[in-house]
Amino acid sequence: MTSPQPSPMRRGSSLKKLARSFYLQPTLTVARKLLGKYLIRKIGTHTFAAKIVEVEAYLGENDPASHAFRGRTKRNDVMFWKGGHLYVYFTYGMHFCANIVTEGEGKGRAVLIRAVEPIEGIEVMTKNRGLESNDKNFPNLSNGPAKFCQALNIKREQNGTDLLGKEIYITQGENIPRSKIISTTRIGINNGTEKKWRFYIKGNPFVSKK
DNA sequence: CGACCGATTGACT
DNA sequence: GTCAATCGGTCGG
C-alpha cells in the first residue's frame with residue numbers, strides 16, 4: 001500500500017540536482033542562494049541529506065581571509081577549479097571543513113558551508129559525531145563547519161569531488177524568502193573582518209553561535 | 001629546518 | 001570566560 005509521503009525529500013522539484021551554471025554565478029550570489037538547498041551525500045546505498053542553513057563567502061585574491069589570497073598552492077588548488085567542485089581542507093590538526101567552489105576556472109573563490117539541518121540519515125550522522133540518539137542538544141549534530149563534515153563523513157578523500165556527480169551534489173531544496181536571510185561578518189578570521197559575507201537563515205536552530 | 005598558527009571544537013575555571 | 005588538542009601548510013633564517 002502506498003500512502004502520501006509529505007517529506008520534503010519526496011517533493012519533485014526539491015530533488016532536482018543543480019546545474020553547473022548555478023555555481024558559475026558571482027560568489028556572493030551563490031552564497032545567498034545556497035541557503036535552503038539540500039546537500040546530498042551518498043555512501044554506497046546509504047544517503048545523507050541536509051539543508052544548508054549557514055554559509056560564508058571567500059573571494060580569492062581580493063580577500064585576505066581566503067586561503068586563495070596568496071595564490072594557488074597544492075593545498076588550495078581545488079579552489080581554483082571551475083565552479084561546482086567541493087574544496088575540503090584540514091585544519092587545527094583534527095578538523096575538516098567543506099567549501100563549494102564558485103565562478104570560473106582560475107578564480108579561487110568558494111563558499112564555506114558552516115552549518116546544516118539534518119533531513120535524512122540522522123541516525124548515522126549521530127553515530128559519526130559520537131553522540132547518543134537521545135542527546136538533548138540536537139543542533140550540536142551539525143551546527144558548525146567541522147561538525148557537519150564529521151556528521152556526513154566528509155574528509156580529505158572528498159576534496160575535489162565534482163558536485164555534478166553521484167557521490168555528493170546539491171538539490172533545489174526549499175525557497176528561503178529574502179526577509180529570512182541575514183548577512184553579517186564572518187567568524188574565526190583575523191583579516192577582512194569587516195566584510196559581511198556570512199549568510200544564514202534567520203531563526204534556524206542549527207546556525208552556529210558567534 | 002624550526003617556529004608559528006589556523007575559515008574549530010570541546011573541556012574546563 | 002580561558003585554553004589545549006594536534007598536524008600540515010607556510011614562512012623566516
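None of the values given here were measured: they were computed from a predicted structure. Chain A is the first sequence line, chain B the second, and so forth, proteins listed ahead of strands; every chain is numbered from 1.
Remark: the separation of the C1' atoms in dA7(B) and dG1(C) is 23 Å, to the nearest Å.
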Next on the checklist: Show, in sequence, the C-alpha distance, side-chain angles and deciding distance for H67(A) and Y87(A), and conclude whether the side chain to side chain donor-acceptor pair (under 3.5 Å) test is met.
Outcome noted: CA-CA 11 Å; H67(A) 289 171; Y87(A) 165 53; 2.9 Å; yes
I would like to know whether F96(A) and T91(A) meet side chain to side chain contact (heavy atoms under 4.5 Å, CB included); could you show each step before the answer? CA-CA 6 Å; F96(A) 293 98; T91(A) 192; over 6 Å; no
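Counting any heavy atom pair closer than 4.0 Å across all strands shown, A65(A) reaches a base atom. Counting any heavy atom pair closer than 4.0 Å across all strands shown, L112(A) reaches a base atom.
Side-chain nitrogen and oxygen atoms of R129(A) include none within less than 4.0 Å of the OP1 or OP2 phosphate oxygen of dT9(B). Using a 4.0 Å cut-off, no side-chain N or O of N140(A) falls inside it from OP1 or OP2 of dT9(B). Side-chain N/O atoms of R114(A) include one lying less than 4.0 angstrom from OP1 or OP2 on dT8(B). Side-chain nitrogen and oxygen atoms of T73(A) include at least one within less than 4.0 Å of the OP1 or OP2 phosphate oxygen of dT10(C). In this structure, H67(A) reaches the dA7(B) phosphate: one of its side-chain N or O atoms is under 4.0 Å from OP1 or OP2. For dA7(B), the OP1/OP2 oxygens have no side-chain nitrogen or oxygen of N99(A) closer than 4.0 Å. Applying the 4.0 Å criterion to OP1 and OP2 of dG8(C), one finds that K74(A) has every side-chain N and O outside that range.
Taking atom CD1 of I189(A) as the reference point, atom C1' of dC5(B) lies 16 Å away to the nearest angstrom. A straight line from CZ of F90(A) to P of dA7(B) spans 13 Å, rounded to a whole angstrom. Atom NZ in K209(A) sits roughly 12 Å away from atom P in dT9(B) (whole-Å rounding). With rounding to whole Å, K155(A) atom NZ is found 14 Å from dC7(C) atom P. Remark: P of dT8(B) and CD1 of I113(A) are 14 Å apart, rounded to the nearest angstrom. F148(A) places its CZ atom 13 Å from the C1' atom of dA7(B), with the value rounded to the nearest Å. Rounded to a whole Å, the NE2 atom of H95(A) is 17 Å from the P atom of dG9(C). One interatomic measurement links the two molecules: CG of N143(A) to P of dA7(B), which rounds to 19 Å at whole-angstrom precision.
Nearest to the side chain of M94(A), among dT6(C), dG10(B), dC7(C), sits dT6(C). When the nucleotides dG9(C), dG10(B), dT6(C) are ranked by their closest atom to the side chain of R75(A), dG9(C) comes out on top. Checking dG8(C), dG6(B), dT9(B) against the side-chain heavy atoms of N190(A) singles out dG6(B) as nearest. Distances from the side chain of Y89(A) to the nucleotides dA7(B), dC7(C), dC11(C) place dA7(B) closest.
Pairing for dT6(C) is absent, judged as Watson-Crick or G-U wobble with the two contacts each under 3.5 Å. Searching all strands for a Watson-Crick or G-U wobble partner of dA7(B) with both distances below 3.5 Å returns nothing. Base pairing of dG13(C): no nucleotide in any strand meets the Watson-Crick or G-U wobble criterion (both distances under 3.5 Å).
With no hydrogens or angles considered, a side-chain donor-acceptor pair links E54(A) and S208(A) at under 3.5 Å.
Ring centroid separation for the pair F48(A) and H46(A) comes in under the 6.0 Å cut-off.
Remark: side-chain polar atoms of R186(A) are not paired, donor with acceptor, to backbone N or O of K196(A) under 3.5 angstrom.
When the nearest nucleotides of DNA chain B are assigned to K147(A) and S66(A) by heavy-atom distance, the more 5′-ward of the two goes with S66(A).
Put simply, the side chain of T102(A) reaches to within 4.5 Å of the side chain of V111(A), judged on heavy atoms.
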